[in-house]
Amino acid sequence: MSCHCFGIATHIDGMYPILIYGYCQKSSSSKPVLAFGKILASQKENPDIAYKVVNKKAKFYNSLRGFGKKSEIFSDYRIVGGATLGVTRKYNTTRGIIYHVIEYQTDELDYFSGPEFEDTGYVRATDLARYYPIASEWSYSQKQPCYVGNPYTYRIWTAPVGTKSYVHIAHVLDRLTATQLYITKELVTSKGKHYVYLETSKRKLGWIYKTNKALIYGRYRSPAKQFLHVAKTEKMVAYKQSNKSTGNQVGYNDSLALPQRAYYSL
């Protein structure tokens with residue numbers, strides 16, 4: 001805002017009038033009115049608290065300044081309707097609460113380089129609802145011993161898949177095939193999947209999908225010791241491969257064309 005000021009002053013001898021011209025200006029900081037109104041407060045949130053989209057007309061925007069503008073729509077219910085979301089920041093405004101959200105991520109690499117969250121934009125809090133990915137969880141009063149069955153089927157995760165904002169592989173089983181493992185906790189996800197928490201006698205490992213293909217309950221026993229020191233309750237049984245089954249196998253290893261012999265401890 002600006003104004004112009006005029007006045008007439010008289011010379012000291014009263015004979016010569018002098019025109020005095022003045023200019024003054026008032027600074028103006030008028031800000032554009034944003035769709036969400038004025039920000040009253042903001043705070044950091046825990047993205048591991050999960051949410052789902054419940055409003056099928058929900059819109060996600062690129063930024064706060066572009067919130068409410070059609071040209072700034074980043075995503076909508078059709079794209080993220082089935083995703084699990086986490087809130088990174090909460091904005092209290094004169095027209096309601098707005099969330100800055102990210103999509104839950106699963107990293108199948110066993111090398112942790114830090115999360116790179118997929119920014120899903122800004123959305124009204126009323127368009128989301130709390131979601132509980134874990135249906136039930138309990139701990140064992142005594143550790144449940146187990147050992148690796150098939151080391152190539154499943155991996156050990158930092159958390160059950162889909163239950164935290166960022167989950168990655170913590171360990172692989174083929175490095176634990178000769179290790180006594182213990183189950184200390186178990187949980188069931190909202191999708192009905194069972195996970196168990198594994199530890200060794202010295203360290204904590206992580207969560208793995210519960211299946212007999214990956215883990216065998218009981219005490220680990222070295223195969224070499226098992227065959228060399230057969231228990232009184234066990235007996236050795238030999239199985240010899242038939243000549244017909246070898247066929248005409250030819251390879252770099254001549255033993256491929258020879259009948260194989262296997263021993264089982266029963």
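- Neither side chain, Asn55 nor Tyr77, offers a donor N or O lying under 3.5 Å from an acceptor on the other.
- Between the side chain of Thr189 and the main chain of Lys191, a donor-acceptor pair closer than 3.5 Å is present.
- For Thr120, there are no side chain to side chain donor-acceptor pair (under 3.5 Å) partners at least two apart in sequence or on another chain.
- Under the 3.5 Å distance criterion, the side-chain polar atoms of Tyr104 are matched with a main-chain donor or acceptor of Asp48.
- More than 12 heavy atoms of other residues, nucleotides or ligands shown are found within 6.0 angstrom of NZ on Lys143.
- Side-chain rings of Tyr61 and Tyr122 stay apart, their centers remaining 6.0 Å or farther from each other.
- Ring pair Tyr197/Trp207 is perpendicular by interplanar angle, where above 60° counts as perpendicular and below 30° as parallel.
- Both Tyr195 and Trp138 are part of a single hydrophobic cluster, where members link through side-chain heavy atoms under 4.5 Å apart.
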**Verdict with reasoning, Ile208 to Val196, per side-chain contact (heavy atoms from CB on, under 4.5 Å)** = CA-CA 6 Å; Ile208 186 171; Val196 293; 3.6 Å; yes
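- Using a 4.0 Å cut-off between charged nitrogen and carboxylate oxygen, Glu45 and Arg89 do not count as a salt-bridge pair.
- Using a distance-only test at 3.5 Å, with no hydrogens or angles considered, a donor-acceptor pair links the side chain of Gln180 to the main chain of Cys146.
- Looking at Val123 and Lys59, their side chains never come closer than 4.5 Å, going by heavy atoms from C-beta outward.
- Under the 6.0 Å cut-off for aromatic ring centres, Tyr99 and Tyr51 qualify, their centroids lying closer than that.
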